[in-house]
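In the text below, chain A, chain B and the rest are named by the order of the sequence lines, each starting its count at 1.
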Amino acid sequence: MYRYDKYDQAIVDARVEEFRDQARRRLAGQLTDDQFKPLRLKNGLYLQLHAYMLRVAIPYGTLDSRQMRMLGHIARKYDRGYGHFTTRQNLQYNWIKLEEAGDILADLASVEMHAIQTSGESIRNLSSDQYAGAAADEVCDPRPWAELIRQATTFHPEFSYLPRKFKIAVTAADEDRAAIRLHDIGLKLVKNDAGKLGFEVYIGGGMGRTPFVAPLIRPFLPADDLFSYIEAALRVWNRNGRRDNIHKQRIKILVHELGQEEFTRQVEAEWQHILANGSNVPREEFDRIAAFFEPPPFETGLTDEIDRTDPDFALWVDQNVKAHKAPGYAIVNISLKPVGGIPGDATAGQIELIADLGEKYSFDELRVTHAQNIVLPHVRKADLYTLWQILDENGLATANLDLISDIIACPGLDYCSLANARSIPVAQKIATRFADLGRQRELGELKLKISGCINACGHHHAGHIGILGVDKKGTENYQLLLGGSGAEDASLGKITGPGFSEDGVVDAVERVTDKYLAVREEGERFLDTYRRVGFEPFKEAIYG
Amino acid sequence: MKILTGNDLPTGDVIWWTGSGWSRHVEDAVDVGDKGEAILHAEDGACRVNGGTIIDATETPKGPRPAHIKDRIRALGPTVRPDLTLKPSDPNAGNWVI
């Protein structure tokens with residue numbers, strides 16, 4: 001994984017001191033709220049319902065045990081004993097004091113972390129496949145390219161005042177675990193027929209008020225040209241993107257209004273202009289970065305056998321353990337979705353325990369997933385049973401990955417000042433209704449995603465079943481959507497009809513799953529059945 | 001009735017205007033009638049509150065109750081973590097919000 005050099009560290013340390021001074025001046029009454037707000041947001045510090053919220057960047061979801069341990073330390077010392085892992089592979093603290101925020105940033109800087117560009121009209125924390133560098137199905141590790149983009153765009157003056165926030169995802173596998181087509185720019189590493197590495201470039205996706213699945217703008221971009229092409233796309237948006245209406249400022253609106261063909265033409269023309277000026281990132285700079293992502297020293301000659309005598313362990317392996325590229329190793333998913341729990345929340349103790357487990361069992365490497373879970377990417381199969389026992393003793397062995405209780409949910413009205421309805425209680429009630437693991441496994445892969453407002457932080461558009469909370473005359477109301485996907489078969493969910501109360505939407509979800517079980521064919525996932533039989537049978541089941 | 005709320009500048013805590021200062025308990029809030037804007041304007045200079053806002057509330061035997069669910073959640077704390085609310089020992093605290 002990437003490590004700071006002296007320049008990186010100096011920049012982050014300087015930023016901490018700059019913020020300390022800004023916060024001091026605000027507390028002393030030398031800055032107004034209006035003056036201070038953009039300064040704190042540039043450091044990921046929001047003001048939410050109950051307190052300040054700090055959003056910590058975890059680039060492409062990768063961190064080591066030292067960093068994870070620090071996240072637990074901050075949760076214990078400065079927050080109320082927990083942290084919340086988010087859909088952008090970040091971590092948020094919900095109960096921060098302004099007077100301590102500088103100290104927290106200093107603690108983060110001591111382990112090569114920060115909260116820069118986790119807010120504002122900037123290029124946000126880059127996301128990636130949580131299995132990057134470990135997945136059996138990837139072309140190669142995509143994270144060096146993500147890191148290249150991160151370094152090339154952080155503090156870049158041309159990208160400091162974008163029309164709106166900007167989100168980039170990079171992956172290298174056919175199975176899309178990073179929802180690339182629902183990002184402003186989605187990048188998929190591929191090899192062409194000549195064996196050369198390049199990217200499929202998707203631009204103009206996103207959720208929120210106006211959701212779009214990103215079109216394929218370029219089928220093959222040579223990997224060495226990545227940054228200059230991104231620069232060209234951002235420049236076209238920066239030049240032509242609207243700044244007069246916050247709801248129409250994302251690049252997806254520009255792509256939609258210009259049309260894919262014209263947008264592509266302008267990007268290609270701008271790219272040729274950039275290439276003519278020779279401003280691509282030098283290959284040796286990429287090689288320098290890539291050297292930090294060398295695979296860990298995997299042992300050879302390990303067994304692939306797993307003793308499945310313990311049925312609970314076998315169930316967990318079947319559900320939460322994924323194939324690794326190295327023989328004798330596996331990828332372990334730690335679910336942060338215990339039945340009745342708050343999706344993505346982990347206590348300080350759990351965070352520290354997971355840090356210890358990463359250090360001992362996964363070459364000191366951990367990942368945060370966009371589905372709000374944690375991954376230990378490189379675990380010897382021989383260690384799986386011991387690891388599972390420890391997780392089980394600490395409430396971290398819920399075997400529900402990608403099942404109906406593995407719910408993505410935004411913080412909702414319980415924490416977020418933008419939300420119109422609560423998300424977490426709905427997630428808890430659905431998970432409780434479907435608590436029986438046998439029933440969940442009978443339903444199979446079923447991605448349920450809940451947002452408490454139209455901004456779609458809970459990715460409801462991309463849920464096989466999506467739920468959107470709205471305010472209906474001062475009362476929480478929940479719309480149900482069907483048929484969304486954030487994966488390689490990306491699609492947007494369709495609203496079924498009139499919304500429901502909190503309990504009513506739980507019943508409606510159950511009617512949907514009952515219908516699915518009644519009409520599915522052998523081997524079909526929920527999404528497959530929905531796409532085969534269509535919307536109407538489900539609508540009829542929901543509303544009668 | 002109209003009451004004033006905001007977030008305490010140093011801590012971010014939700015606070016309510018009591019007539020002479022700010023309290024963390026909505027029960028201490030007072031009806032400001034049509035004087036809300038003037039009070040907030042004066043408080044801007046004192047620099048101890050963030051996002052000061054006038055909201056609607058109703059008077060109850062236990063004190064003011066914000067009209068909108070968002071402000072009731074702000075007054076109590078998250079409904080999903082009773083241990084983090086201002087009334088962690090009150091089993092009916094969540095009902096007060098809804």
Only pairs under 3.5 Å, no angle test: what donor-acceptor pairs are there between chain A and chain B?
from	atom 1	to	atom 2	distance (Å)
A:Arg26	NH2	B:Asn50	OD1	2.9
A:Tyr52	OH	B:Leu9	O	2.5
A:Tyr52	OH	B:Asn50	ND2	2.9
A:Arg80	NH1	B:Leu84	O	3.2
A:Leu98	N	B:Pro10	O	2.9
A:Glu99	N	B:Pro10	O	3.2
A:Asp414	OD1	B:Thr79	N	2.7
A:Asp414	OD1	B:Thr79	OG1	2.6
A:Asp414	OD2	B:Thr79	OG1	3.4
A:Ser417	O	B:Lys70	NZ	2.6
A:Ala419	O	B:Lys70	NZ	3.3
A:Arg422	NH1	B:Thr79	OG1	3.0
A:Asp471	OD2	B:His68	NE2	2.9

Set of ring pair (Phe, Tyr, Trp, His ring centres under 6.0 Å) partners for A:Phe36, sequence neighbours left out: none
Residues which pass side chain to side chain donor-acceptor pair (under 3.5 Å) with A:Thr87, listed by chain and number, not counting sequence neighbours: none
Contact class of A:Leu27 relative to chain B, heavy atoms under 4.5 angstrom: both
Atom group of A:Leu49 that falls short of 4.5 Å from chain B, counting heavy atoms: both
Closest heavy-atom pair and its distance - A:Gly29, B:Cys47: CA-SG, 3.4 Å
Residue pair B:Val80 / A:Pro425, side-chain heavy-atom distance below 4.5 Å: yes
When B:Ile69, B:Ile98, B:Val14, B:Ile73 are compared by non-hydrogen pairs under 4.5 Å with chain A, the top option: B:Ile73
Pairing residues for A:Ala419 by the side chain to side chain contact (heavy atoms under 4.5 Å, CB included) criterion, not counting sequence neighbours: A:Leu413, A:Cys416
